[in-house]
Structures are given as C-alpha cells and as structure tokens.
Protein chains: 2
Amino acid sequence: MLTERESLILQIIIDDFVKTAHPVGSRKLAKNERINLSAATIRNVMADLEEKELLEKTHTSSGRIPSEKGYRYYVDHFISPAINDNLNVITHVIQDNIIELERVVQLSAEILSQLTNYTAIILGPDETDATLKQVQLLPLSSNTVVAILVTSTGHVEHKSFTIPHEISVSDLEKTVNILNERLVGIPIVKLTHALETEVYDIMRKHIKNYKLMFEYIKNVLTYEESVKVYIDGQANLLMQPEFKDVEKVYDFYCFLEQEEAIIDLLKDIQDGLQVRIGQENEVEAVKDLSLIASTYRLSTDRLGTIALIGPTRMDYRKVIALLKSLSRELTTLFAEGQTT
Amino acid sequence: MLTERESLILQIIIDDFVKTAHPVGSRKLAKNERINLSAATIRNVMADLEEKELLEKTHTSSGRIPSEKGYRYYVDHFISPAINDNLNVITHVIQDNIIELERVVQLSAEILSQLTNYTAIILGPDETDATLKQVQLLPLSSNTVVAILVTSTGHVEHKSFTIPHEISVSDLEKTVNILNERLVGIPIVKLTHALETEVYDIMRKHIKNYKLMFEYIKNVLTYEESVKVYIDGQANLLMQPEFKDVEKVYDFYCFLEQEEAIIDLLKDIQDGLQVRIGQENEVEAVKDLSLIASTYRLSTDRLGTIALIGPTRMDYRKVIALLKSLSRELTTLFAEGQTT
DNA sequence: CATTAGCACTCTACACCGACGAGTGCTAAC
DNA sequence: GTTAGCACTCGTCGGTGTAGAGTGCTAATG
C-alpha cells in the first residue's frame, strides 16, 4: 500500500505524463500547486515508487514515467468506480426519434473516436445461437438470383448468384417453400447439417435438378462470420507520439485488417468494463497499447462489445467514464426503444 | 520525341528506380548489360533527358530519378497496349463453381493487393437508377422489426428498428402490402417523393396510426450511400519507403476513412483503363501517389470500378497488365455466370 | 563528330566532439 | 523528516570533418 504522499505524487506524475508524453522530473513536480515539497524530497518519494515498480526511468538521469504496473495502480485506486455522470453522448446526437440499430452503433463508434482521439471498435452481438427466421430467393434476371436469409435476431444476410439455365423459376419457388417449411427455427450453426438430413430427400422428390440446386442452397445457407465489426478513428493513433515510427503503425494496421484477430482480442470481455494495459493484452499487436472495453445489451440475450484502443499513456479517467456512460446509454436506448 | 538511346536509358532508369527506390547514377547504368556506353556518355544523355523534364535530381550531385512526366512518358510509350495475357488471377482462386457476387469482388480486392503490395479499392456499381423490387417488414419481437428492401439490381438493404406499441402487427402487414402494390418498379431515388404522393393518402384510409407509421416507412425507404466500397491492403503502403514519415500516412489514411472522398476520386473513371500519376490526381491526399483504375461490368448497364493506389514509383507494367486482366476476367465471369 | 577518360566540384550520410541542460542520488546540514 | 548542495549521468543539438557517390566540363581519342 502507498502512503498518502506517494499516492499523490504517483497520480500527478501520471496525469502530467498523459498530457505531455515527456518524462516528468522532480523540479517540475515541486512547482505543482498540489505539492508543497522540495524537489529533493520528491526525488526520494519517486525513488520509493520506482522500487515498487510503479515508475520507470527511460535512462539513468531522466525524469520518471509510469510503468504499466503504475497505470494499473492508477486505474484500480484513483478512479472512483462511482463516476456515473450520464454524459448522454449518443442521445444528444440523435435528433431523429426513430432509431435504426446499426446506424446507432456506427455513430457510437464515430463519436467515441472523435471524443477521445483513439481508435474505437464496436462489435455487434454474437449471432451464433440465433435461429433461422426466413429464407427468400428472389430472381432478378434470367440468370441471377438474390438470396436473403433472416435470423431471429434481425440479422440479414444476402448473396447474389448467377445460376445456370437448368434451374427453373418454379423449382426455385418450390425449394424456398421447402426450406421455410423445414428449416425455420433451426439454429444457424446447424443449418448445413439440417439441410442434409431434413431437406435433401424432400428436394429429390420434388425438384427436377435437385442435385445442382442443392449445391446452391448449401452455399446460401453456409453461415460466415457471426460478428459484425465497426472501426472508427484508425488514423487517430497516428497523431500520438508513440506511433512516430512506422513499424508500430504497420503492426497495428495489419491487426485491424484481420477481423478474426479483433474478435479474438475482445472475445473474453464479459459483463462490465475491463481495462487491459499493455502486456495484459494477449494479442501481440496490442501488447504496447491499452484496451478499454465494455459491453452493451441489444436485448436480453444479445451482448455487444464496445472498445477503445490507445497508447498505454492514456487518459483512463476520461475514457472509462465515457465508455461506461456510452455502454449504459446504448443498453437503455435499445431496451426502451424510441424515446418520444 | 526521344532517340532510341534516350528511350532505352529512360526506361532502364525507371525500371531500376522502381525496384530500388534509390536515385540511379551514370556508373551504375554503365554496368547494365543492355547498355554499352561509358558513364560519361550516359551522363550526357541523362542531362538531355533532364532538360526534357523526364528526369529529376534530388540534389545537385545526386543520381537521377524519374519525374512524374517521366513516368507518364514511360506509361504512354513503353507499355504496349497489346499485353493481353489473361492471367486468370480470379478464376484460379475460385475452386467453388458457385459464384457469390459480393464475395468475388471482395476476393478480387484481396488478390490485387496481395499480388502488388499496393492498396486495392473496388467500387460496386452505382445503384442510383435501380428500381424497387420488394419491401418487407418482418417483426422479430414485440417491439422490433427488421425492414428489408431489395432493388432490381439485387442490392439488399436492411434496417432494424424498435417500434412503439401503438403500431400493431396487422398494420405493419397492411402497410407492406400497400408499399409493394404502389412502389415496386419506382427508381430508388424517387421513393421518398412517391411515398408522399402515392402512398400517404392510402395509408391514411387504411392504417390506424398512419402518421407514426408513415414516419417509420419514410425512414426505411430513405436511401443512403449508393456505392459500396471495398478496400484491401491498407497496410501495404506502409512498407514503401515513401511512407516512412507518419505525416503522409496520416493524410492517406484520413482519406481512406472517407467513403465520399474515395468515390469522388474514382467517379470519372469511365470505360477502359486509366493511369493517373501524382499531380494528375485531383484529390489532395493522392497527389503524390499514383492511381491505376479500370472498370468492370456486372451486367449490361452496371459498371463497377477497380483501382490500385501506390507510390508514383510503381511497377506500372505489371500493375496495368494485372488490372486489365482482372477487370476483363470479372466482366466475363459475371456475364457468363458460372463456368461448370 | 560521337565517345570517352579525367578532374574538379558538390552534396549527402555518418561519425565524432563538446557544450548545455535536465535530472538523479547522495550527503550533510537544518 | 526535510532540504540544500554538489557531483555525476545522459540525451539533445549544433558544428566539423571525412568518405563516397555522382555530376559537369574539358580535352583527348578513334
């Protein structure tokens, strides 16, 4: 445990470093109004804090910078969990009283990244246990068809195909009927299986070109990614001094290009708010960045994730308050429906 | 016009500079097998080429680098328009004989960026003159609805809403029927107008909460962006030496974050292949990069754009061949439908 | 007359040096 | 316990010198 004085100094050092990105020295601290100690005393305290691994030096005679452990301490002890000012960030922006869910999420990412100057990532809910609500095959021209697949959660997937002449319109219609009869209500992930056990035989009886048709249907019903990823403010991080060398930028951008990696990073964010500082992240490309993540609730059983990525030197207090507020706001927004 | 010798030297200089990114000097050129001249002679030729503004120096005693005009000359004179090797880049990759259009386009962008190490941008076709094919409102739970809108071109748009209790399921059904009766076949851009002239009165007669409902419908039918943008290989450019300073990276990435800007950049790419070198681009953020763009045809009247962005020091020959080949390939792919 | 060898010149990249300043740790005095 | 003072460390910045790559010009050459 830290003494009162140590706490104060650690806090001021972090606040200062977050602002300036320069190591902070004892003289500078001594000038701070909140401290009435000489530089020498402060040096002693700083030495103690360094011994406790909360501070680091960049070289033997430099000022101190917070270590990751230092940030961790800051987050755990200096940020009151009670900050619950509802900032109404979103509600302020939505003038329209009609809420289009996807748009709201996208907007949230935008706002978040603009307000913080970090990179915002929002995941839609995991749709893996949704069930099939409806299948539709709509012919567009003589040889193209658009297939539309709706899940119980309102997720819509569509694919356009060019189809061979062997397949007739009436066969398409018949097939859709069969699918809707047999497959509605089945979990998305089990569709391909159900297709083979439930549908194949029926198709064989009623459809002329059933083999070819079956291949198409299988393709339509093959579910791909289950989570939607929204990113905003990618370029923001480039302005941070920790990104001055292109190497780091490259690693990070490669990471952002892979949706799976992003999902991987955020997969174990459960209820509540999490802060992961530097090495605490398991994903290599984020190991010298910090992640603040929280969940929001689209409906009782559909959880989305909302996150910010920035340098470890990050304004945790502000970001945490913001994210907390936003995730709460999103949840109530989706729960209540529109606010007339 | 250039002499034989000048042509050769210009060509070799550009080829070399494209490979190494270092200014090329006379001694280095003299060693090239394709040239049997002394360094001094070459220097004279280079001076001539510089006078014609095809070459530049980075400082008084440096080797030469191509100017933008030099690249332009290279592209116009040294790249035979006849390169028509069908590389079958796409067809090689699609093992599956079922073609999902959107996936193909996405895949193309991926392949293109991987093969070239530049950034690939593909635009879907302009959908502004498509007409409405179908509207659907599917209730998901007591207070959520998903609206699905299909155009004649197979474009599917969907929006999820939370709706107030005042609106009943039967009213929803009635509304959808009215919409499909009255609006199918109308161009997307004119939907909001048609809604007010054609539908409002009918709704008033048949729907209980017609005013509120109308607001929702209006929202559903409001068309947003008309062109889809696929980007791949954003990070690629970071490896190019011309991106070593973060400033440039920042500008470029800000550009990529704005879809409108991208569409703006590519809007006047018409039939055929275009090469825009550096300043030839009108968009500020791309003024020191080069753009190679071509069109592909999804169906008779639906044109998409496929483009590569890289440094002006670019392997034009390779890129042009590749893009030509790919755009042709896409066009035939979509025209023929699947190749069984 | 085109080509080439030679030479003086220019400019960059790089390493090195020294001064300066910010900061530390330690010790002795308050 | 706190502070002033001092020696010491290290990074930054400007200047300086050298090596190397490259040029332009001129005079010699075939």
Side-chain angles (χ1 to χ4, degrees), chain A residues 2-10 12-17 19-67 70 241-242 244-245 313, chain B residues 2-10 12-17 19-67 70 241-242 244-245 313:
Chain A
L2 299 187
T3 67
E4 193 72 18
R5 177 181 295 172
E6 286 171 331
S7 275
L8 180 66
I9 288 184
L10 177 59
I12 295 179
I13 289 180
I14 294 185
D15 286 339
D16 191 283
F17 182 69
K19 227 181 274 162
T20 66
H22 294 303
V24 7
S26 54
R27 273 176 53 84
K28 202 173 182 184
L29 278 179
K31 284 176 194 146
N32 190 304
E33 327 160 316
R34 294 162 67 192
I35 305 182
N36 261 351
L37 295 171
S38 77
T41 315
I42 293 171
R43 279 202 286 282
N44 291 329
V45 178
M46 294 205 298
D48 293 345
L49 286 170
E50 189 175 355
E51 208 162 295
K52 288 173 183 159
E53 294 184 333
L54 299 170
L55 293 181
E56 288 173 355
K57 283 190 273 192
T58 59
H59 59 266
T60 39
S61 74
S62 76
R64 301 304 207 291
I65 64 172
S67 68
E242 21 275 282
K244 66 178 188 301
D245 59 331
R313 179 187 63 81
Chain B
L2 298 187
T3 67
E4 192 72 18
R5 178 182 294 173
E6 285 171 331
S7 275
L8 180 66
I9 288 185
L10 177 59
I12 295 179
I13 288 179
I14 293 186
D15 286 340
D16 191 284
F17 182 68
K19 227 181 274 161
T20 66
H22 293 302
V24 5
S26 54
R27 272 176 53 84
K28 202 172 180 185
L29 278 179
K31 284 176 194 145
N32 190 304
E33 327 162 314
R34 294 164 66 192
I35 305 183
N36 260 352
L37 296 171
S38 77
T41 316
I42 293 171
R43 280 203 285 282
N44 292 329
V45 178
M46 294 205 297
D48 293 345
L49 287 170
E50 188 174 355
E51 209 163 293
K52 289 172 182 159
E53 295 184 331
L54 298 170
L55 292 181
E56 288 173 354
K57 283 191 274 192
T58 59
H59 59 268
T60 40
S61 75
S62 76
R64 302 303 208 290
I65 64 172
S67 69
E242 21 276 282
K244 66 177 188 302
D245 60 332
R313 178 186 63 79

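Worth saying up front: this structure is predicted, and the values here are computed from it rather than measured. All chains are named by letter (A, B, ...) in the order of the sequence lines, taking the proteins before the strands, and each is independently numbered beginning at 1.
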Inset, instruction - Tell me, please, the opening and closing nucleotides of DNA chain C, 5' to 3', among those with an atom under 4.0 angstrom from a non-hydrogen atom of chain B. - result: C/dT3 to C/dT12

Legend entry - Test side-chain hydrogen bond (donor to acceptor under 3.5 Å, both in side chains) applied to B/Arg43 - qualifying residues, sequence neighbours left out: B/Ser26

Inset, instruction - Mind listing the closest non-hydrogen atom pair of B/Ala30 and B/Ala39 along with its distance? - result: CB-N, 3.9 Å

Inset, instruction - Please identify each residue that fulfils side chain to side chain contact (heavy atoms under 4.5 Å, CB included) with A/Asn36, with sequence neighbours left out. - result: none

Legend entry - Non-hydrogen atoms of B/Ser7 and B/Leu2 that approach each other most closely: OG-CB, 3.9 Å

Validation: residues 49-56 of chain B side-chain donor-acceptor distances under 3.5 Å, sequence neighbours left out:
| residue | atom | partner | partner atom | Å |
| --- | --- | --- | --- | --- |
| B/Glu50 | OE1 | B/Arg64 | NE | 2.9 |
| B/Glu50 | OE1 | B/Arg64 | NH2 | 2.8 |
| B/Lys52 | NZ | B/Glu6 | OE1 | 3.1 |
| B/Lys52 | NZ | B/Glu6 | OE2 | 3.2 |
| B/Glu53 | OE1 | B/Lys69 | NZ | 3.3 |

Inset, instruction - Please report the closest heavy-atom contact between B/Ile12 and B/Asn32, naming both atoms and the distance. - result: CG2-ND2, 3.4 Å

Inset, instruction - Working to the nearest 0.5 Å, report the span between CG of A/Leu8 and CD1 of A/Ile42. - result: 9.0 Å

Inset, instruction - Would you name the heavy atoms of B/Arg313 and B/Phe17 that are closest together and state the gap between them? - result: CD-O, 3.1 Å

Inset, instruction - Hey, could you give me each pair passing salt bridge (Lys or Arg N to Asp or Glu O under 4.0 Å) that has a residue in residues 29-40 of chain A? Not counting sequence neighbours. - result: none

Legend entry - Degree of bending, the helix from C/dC1-D/dG30 to C/dC30-D/dG1 (end axes from five pairs; round to 10°): 20°

Legend entry - For A/Ser38, all residues meeting side chain to side chain contact (heavy atoms under 4.5 Å, CB included), sequence neighbours excluded: A/Ala40, A/Thr41

Inset, instruction - Kindly write out the residues that satisfy salt bridge (charged side-chain N to carboxylate O under 4.0 Å, His left out) with B/Asp15, not counting sequence neighbours, or none if the list is empty. - result: none

Inset, instruction - Quick one: pull up CD1 in A/Ile9 and CD1 in A/Ile35 and give me the separation to the nearest 0.5 Å. - result: 4.5 Å

Inset, instruction - Tell me which residues in residues 49-66 of chain B put a heavy atom below 4.0 Å from DNA chain C, sorted by number, or none. - result: B/His59, B/Thr60, B/Ser61

Legend entry - Within residues 19-31 of chain B, residues whose heavy atoms come under 4.0 Å of DNA chain D: B/Gly25, B/Ser26

Legend entry - Residues within residues 34-48 of chain A bordering DNA chain D, heavy-atom distance below 4.0 Å: A/Leu37, A/Ser38, A/Ala40, A/Thr41, A/Arg43, A/Asn44

Inset, instruction - Please name all residues satisfying side-chain hydrogen bond (donor to acceptor under 3.5 Å, both in side chains) with A/Ser67, sequence neighbours left out, ordered by chain then number. - result: none

Inset, instruction - Locate the shortest heavy-atom distance separating A/Ile14 from A/Gly70; write the atom from each residue and the value. - result: CD1-O, 3.7 Å

